[in-house]
2 protein chains.
Amino acid sequence: METLEEILKQDKNAKTKLFKKGEVIQNKGQYSPHTYFVSKGLLRSYIIDSKGKQHIFMFACEGWIMADLESIEFEHPTELFIDCLEDTEVVIFDRNWMTKPDVEADQLLQNIRLLYRRMGVLQKRILMQMSSPAIDRYTHFLETYPQLPNRIPQHMIASYLGITPQALSTIRAQNR
Amino acid sequence: METLEEILKQDKNAKTKLFKKGEVIQNKGQYSPHTYFVSKGLLRSYIIDSKGKQHIFMFACEGWIMADLESIEFEHPTELFIDCLEDTEVVIFDRNWMTKPDVEADQLLQNIRLLYRRMGVLQKRILMQMSSPAIDRYTHFLETYPQLPNRIPQHMIASYLGITPQALSTIRAQNR
DNA sequence: TTAATGCATTCATGTAGATTAACAAATGAG
DNA sequence: CTCATTTGTTAATCTACATGAATGCATTAA
């Protein structure tokens with residue numbers, strides 16, 4: 001079977017778009033039912049809570065998809081900001097892209113596998129958030145995304161882990 | 001469009017199964033690539049962490065699906081236990097059920113919507129776990145699952161929220 | 001060069017929630 | 001019915017992590 005990327009490159013309907021580092025793709029309050037497949041670069045989604053604090057929901061580098069599925073499924077405005085941590089190339093899909101009649105079986109299968117993979121990651125994240133201390137979550141992050149620490153600053157890792165940059169710094173110091 | 005339940009009832013391939021309250025459907029360490037659609041009753045999935053503590057990952061009542069998607073997608077043994085909190089009727093699917101050639105378009109669309117819905121819930125849960133205190137998570141749980149508090153004991157709600165039963169008890173007392 | 005800005009580290013103190021324990025009420029089994 | 005288990009509550013103490021402030025070090029701009 002071909003990779004999703006190979007399939008997408010042959011797809012006439014797929015819209016490719018380039019974003020610059022720092023560019024904002026989606027703002028809180030919008031309803032934008034798009035799903036982004038990252039073919040190159042690095043995206044980030046995050047919320048800003050009632051106290052003004054940022055919390056990174058996820059990163060998406062090459063081969064991952066980025067979308068506010070809660071917003072798309074329940075059809076309400078998004079709480080998520082999405083922006084680019086690097087110059088990024090994405091393929092954009094609309095709502096219900098997966099079930100359009102012209103979608104090929106191969107592509108559909110790949111799409112569904114991406115959804116499963118994503119859910120697997122979300123599931124693991126919830127379980128770790130509930131049952132493991134910050135040090136274990138950090139170790140797990142390093143194992144799962146070995147390439148990311150070289151591409152993003154520490155404070156973003158902390159934000160992803162759900163702790164402060166100070167706490168992460170302390171953890172790293174103890175672990176040395 | 002018909003509901004998934006109506007579709008499933010006409011499906012010759014769908015296997016229906018009955019479980020008794022308390023029965024264990026899946027144990028940690030197994031690899032069982034099944035997805036359960038709950039047509040009646042209530043299922044629970046949970047992990048037991050390295051210190052022996054239980055953490056409830058999710059509940060699935062009527063109309064929801066239950067599966068260890070991490071295990072299915074990455075093809076490793078499950079960490080999740082699944083058991084019945086009530087007498088429960090489920091429809092069982094195997095790995096790759098969604099992409100079988102004999103699956104009808106209507107059913108496929110419904111299946112994908114269930115996946116999206118589930119991911120929306122997971123996403124919200126992660127964001128709340130990171131950014132909101134226990135009291136807010138409890139309130140959100142009550143809004144999202146108004147029927148569940150009548151069907152499960154408090155300590156299971158606490159376990160789902162990621163806090164101890166004592167903490168939940170205190171929160172509820174303050175809120176009165 | 002000198003500010004100015006962003007990033008990481010360390011420390012002192014504060015706090016949400018964990019832990020442990022004790023107890024009462026409800027439920028269930030023999 | 002009785003006894004045992006499950007469930008929910010309250011309180012005292014403990015701990016992981018937050019908060020706020022100070023410091024050093026790059027990088028960039030003027």
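To find a chain, count down the sequence lines: A is the first, B the second, and so on, and within it residues start at 1.
To the nearest 0.5 Å, atoms CG (A/Asp136) and CZ (A/Phe141) are separated by 15.0 Å. The distance from atom CG of A/Leu43 to atom OH of A/Tyr36, rounded to the nearest 0.5 Å, is 9.0 Å. Taken from CE in B/Met128 to OH in B/Tyr138, the straight-line distance is 13.5 Å, to the nearest 0.5 Å. Within the model, atoms CZ of B/Arg117 and CD of A/Glu73 stand 7.5 Å from one another, a figure rounded to the nearest 0.5 Å. The structure places CE of B/Met130 at 10.0 Å from CG of A/Asp49, a figure rounded to the nearest 0.5 Å. For the atom pair CG of A/Leu127 and CD of B/Glu70, the computed distance is 7.5 Å after rounding to the nearest 0.5 Å.
Heavy atoms only, all atoms of each residue included: A/Ser71 and A/Pro77 are closest at OG-C, 4.1 Å. Contact between A/Ser159 and A/Ile56 at its shortest, heavy atoms only, is OG-N, 2.9 Å.
Listed by chain and number, the residues in a salt bridge (charged side-chain N to carboxylate O under 4.0 Å, His left out) with B/Glu23 amount to none (sequence neighbours excluded).
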Pairwise N/O distances under 3.5 Å, protein to nucleotides 23-29 of chain C:
none

Give me the distances for all protein-to-nucleotides 5-8 of chain C N/O pairs that come in under 3.5 Å?
{"unit_1": "C/dA8", "atom_1": "OP1", "unit_2": "A/Gln154", "atom_2": "N", "d": "2.8"}
{"unit_1": "C/dA8", "atom_1": "OP2", "unit_2": "A/His155", "atom_2": "N", "d": "3.3"}
{"unit_1": "C/dA8", "atom_1": "OP2", "unit_2": "A/His155", "atom_2": "ND1", "d": "3.2"}

Every protein N/O within reach of nucleotides 18-21 of chain D N/O, cut-off under 3.5 Å:
{"unit_1": "D/dA18", "atom_1": "OP1", "unit_2": "A/Gly162", "atom_2": "O", "d": "3.4"}
{"unit_1": "D/dA18", "atom_1": "OP1", "unit_2": "A/Thr164", "atom_2": "N", "d": "3.3"}
{"unit_1": "D/dA18", "atom_1": "OP2", "unit_2": "A/Thr164", "atom_2": "N", "d": "3.2"}
{"unit_1": "D/dA18", "atom_1": "OP2", "unit_2": "A/Thr164", "atom_2": "OG1", "d": "3.0"}
{"unit_1": "D/dT19", "atom_1": "OP2", "unit_2": "A/Lys53", "atom_2": "NZ", "d": "3.4"}
{"unit_1": "D/dG20", "atom_1": "O6", "unit_2": "A/Gln166", "atom_2": "NE2", "d": "3.4"}

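The rotation axes computed at either terminus of the helix from C/dT1-D/dA30 to C/dG30-D/dC1 lie 40° apart, taking five pairs at each end and rounding to 10 degrees.
Rounded to a whole Å, the CD atom of B/Gln54 is 14 Å from the P atom of C/dT19. Between B/Gln174 atom CD and D/dT9 atom P the separation is 13 Å, expressed in whole Å.
Scanning residues 130-145 of chain B for heavy-atom distances under 4.0 Å to DNA chain C yields B/Pro133, B/Ala134.
At least one donor-acceptor pair closer than 3.5 Å links the side chain of B/Gln129 to the backbone N or O of B/Leu161. Checked by atom type and distance alone, the side chain of B/Ser45 never pairs as donor or acceptor with a backbone atom of B/Phe57 at under 3.5 Å.
When only modelled atom types and interatomic distance are considered, B/Tyr160 and B/Arg44 share no side-chain donor-acceptor pair under 3.5 Å. Between the side chains of A/Gln30 and A/Thr78, not a single donor N or O lies within less than 3.5 Å of an accepting N or O.
Using a cutoff of 4.0 Å between basic side-chain nitrogens and carboxylate oxygens, A/Arg151 and A/Glu62 are scored as salt-bridged.
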Criterion side chain to side chain contact (heavy atoms under 4.5 Å, CB included) on B/Phe19 and B/Asp83, from CA distance to verdict: CA-CA 9 Å; B/Phe19 291 99; B/Asp83 63 5; over 6 Å; no
